[in-house]
Amino acid sequence: MADGIRMFLPLLDGSDEVGVMALTLSRVDDDDRRFLRRLAGLVADMLVIKNSYTDEFSRARRREPMSVSAEIQWSLLPPLSMAIPQVAVAGIMEPAYDVAGDSLDYALNDEVLHMAVIDAMGHGMNAAVLATVAIGAYRRARRANVGLAELYEFMDTAINEQFGPDQFVTAQMARLDIGSSYLEWVNAGHPAPLLIRGNRVIEALEGAGTLPVGFGGAAPQINTRQLVRHDRVLFYTDGLVEEHEIGGEQFGEERLINSIERVGPMSRSVQEMVRSLSHTLMRQRKGTTSDDATLFLVEWCGGSADHLAEIDL
């Protein structure tokens, strides 16, 4: 109805935004708002639960056909955003309908946030299969609760045994203690993560690197950094900065940093920042995406969630 009140409500699975519900009412009061929030929660739960049993929701979201490699990659992903009082993460992958070798993963186990970003060599199905094995090996080692060096060696062995020495996966595996803000990571052939403080990139987190996964590199050195409250760390794959027009210069890290510092002040959350940064970078690259590109942003918020368990007597 033209003279109605249009309402938009986020559909939340925890902190993950799974969609938006829109409806028009002739009038809205506080009771209506409370009811609609509950209704949006119920609809979100139904979407998440029933998504495993039907393709209807996937069909409704899609604007174009998806490649087989992209189907494989998207089926591997965890929710693309997560937030609790101490930490928040958000990720995005391009091109959404044709991504092949890039992937990301994370898990929050007790006080430790585990993270990985990978880029399998090549394109198409071969890259997707490489990435699938790499993520499977990463999860197997992570769930065995081994250290980062052992985790790298396990992934390296899995890729080498399955594909031989001619194929590889670049990767970064990281852990953040959300209680102490202690970050540690292994860099196996990726660009250095960027440390963002106060909406400015204060440095690239350079450190010891090792060979890409699958090349049989030596036990990697672990890089470490102590974060301060509201520090953000951006992990990304090289497809983001190596993009260029034929005969032109690469997009480059400097333009990436400039984009981060422009978008940051307008972004309240890591989800907003990753989405806005992805759109900004795509416009600056004139819509060109000849290689996979992944952004994964983590913010250490500090504080504690202990107050949530307090009993008010």
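Numbers here are sequence positions counted from 1. Computed from a predicted model, the values in this text were never measured in an experiment.
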**Report entry** Nearest heavy atoms of Ala128 and Ser69, plus distance in Å
**Finding:** CB-CB, 3.7 Å

Query raised in the report: Of the non-hydrogen atoms in Cys301 and Pro85, which two are nearest, and what is the gap between them?
Result: CB-O, 3.2 Å

Report task. Drop me the distance from Ser103's OG to Tyr138's OH, to the nearest 0.5 angstrom. Result -> 11.0 Å

Query raised in the report: If you group Ile, Leu, Val, Met, Phe, Trp and Tyr by side-chain heavy-atom gaps below 4.5 Å, do Leu42 and Val18 land in one group?
Result: no

Query raised in the report: Are side-chain heavy atoms of Met121 and Asp166 found at a separation under 4.5 Å?
Result: no

Query raised in the report: Around Arg62, counting heavy atoms of other residues, nucleotides and ligands shown, do more than 12 lie under 6.0 Å from its CZ?
Result: yes

Report summary line: Between the CD atom in Gln226 and the OG atom in Ser180, the distance rounded to the nearest 0.5 Å is 5.5 Å

Query raised in the report: Quick one: does Val201's side chain get under 4.5 Å of Leu256's, heavy atoms only?
Result: no

Query raised in the report: When rounded to the nearest 0.5 angstrom, what is the spacing between OG in Ser267 and CD in Glu299?
Result: 11.0 Å

Query raised in the report: Is Phe296 reachable from Leu148 through a run of hydrophobic residues whose side-chain heavy atoms are each under 4.5 Å from the next?
Result: no

**Report entry** Distance-only side-chain donor-acceptor flag, Thr210 / Gln221, under 3.5 Å
**Finding:** no

Query raised in the report: What are the two closest non-hydrogen atoms of Pro212 and Asp156, and how far apart are they?
Result: O-OD1, 3.9 Å

Query raised in the report: Are Met93 and Leu77 close enough that some pair of their side-chain heavy atoms sits under 4.5 Å apart?
Result: yes

Query raised in the report: Is the closest basic N to carboxylate O distance between Asp105 and Arg142 below 4.0 Å?
Result: yes

Requested in this report: Say whether Leu104 and Tyr97 are linked into one hydrophobic cluster, either directly or through other cluster members, by side-chain heavy-atom distances under 4.5 angstrom.
Outcome: yes

Requested in this report: Taking the side chain as every heavy atom from C-beta outward, state whether Leu227 and Leu176 have any pair of such atoms under 4.5 Å apart.
Outcome: yes

Query raised in the report: Hey, is the main chain of Ala208 close enough, under 3.5 Å, to the side chain of Asn223 for a donor-acceptor pair?
Result: yes

Query raised in the report: How many angstroms lie between atom OG1 of Thr24 and atom CZ of Phe8, to the nearest 0.5 angstrom?
Result: 7.5 Å

Query raised in the report: Just by distance, with hydrogens left out, do Asn126 and Gln167 show a side-chain donor and acceptor under 3.5 Å apart?
Result: yes

Query raised in the report: Would you say the side chain of Tyr152 lies within less than 4.5 Å of the side chain of Met173, judging by non-hydrogen atoms?
Result: yes

Requested in this report: Could you tell me the separation between the CZ atom of Arg232 and the CZ atom of Arg200, rounded to the nearest 0.5 Å?
Outcome: 15.0 Å

Query raised in the report: When you look at CG of Asp29, are more than 12 heavy atoms from neighbouring residues, nucleotides or ligands closer to it than 6.0 Å?
Result: yes

Query raised in the report: Under 4.5 Å between any side-chain heavy atoms of Leu76 and Thr132, yes or no?
Result: yes

**Report entry** Test item: Ile178 and Ile84 side chains (from C-beta on) under 4.5 Å apart, heavy atoms
**Finding:** yes

Query raised in the report: Are Leu25 and Leu11 co-members of a hydrophobic cluster defined by side-chain heavy atoms under 4.5 Å apart?
Result: yes

Query raised in the report: Around atom CD of Glu254, are there more than 12 heavy atoms of other residues, nucleotides or ligands at under 6.0 Å?
Result: no

Query raised in the report: Roughly how far apart are Thr237 OG1 and Leu295 CG, rounded to 0.5 Å?
Result: 7.5 Å

Requested in this report: May I ask you to test the Gln86-Leu113 pair for a side-chain heavy-atom distance under 4.5 Å?
Outcome: no

Query raised in the report: Are Tyr182 and Trp300 co-members of a hydrophobic cluster defined by side-chain heavy atoms under 4.5 Å apart?
Result: no

Requested in this report: Compare every heavy atom of Val298 with every heavy atom of Val89, then report the nearest pair and how far apart it is.
Outcome: CG1-CG2, 3.8 Å

Report task. Kindly check if the number of other-residue, nucleotide or ligand heavy atoms within 6.0 Å of CZ (Arg268) is above 12? Result -> no

Query raised in the report: Are Asp102 and Thr294 close enough that a side-chain donor and a side-chain acceptor fall under 3.5 Å?
Result: yes

Query raised in the report: At their closest point, which heavy atom of Ala158 faces which heavy atom of Val133, and how far apart are they?
Result: O-CG1, 4.4 Å

Report summary line: Heavy-atom closest pair (Thr224 atom, Trp185 atom, distance to 0.1 Å) is C-CZ3, 3.7 Å

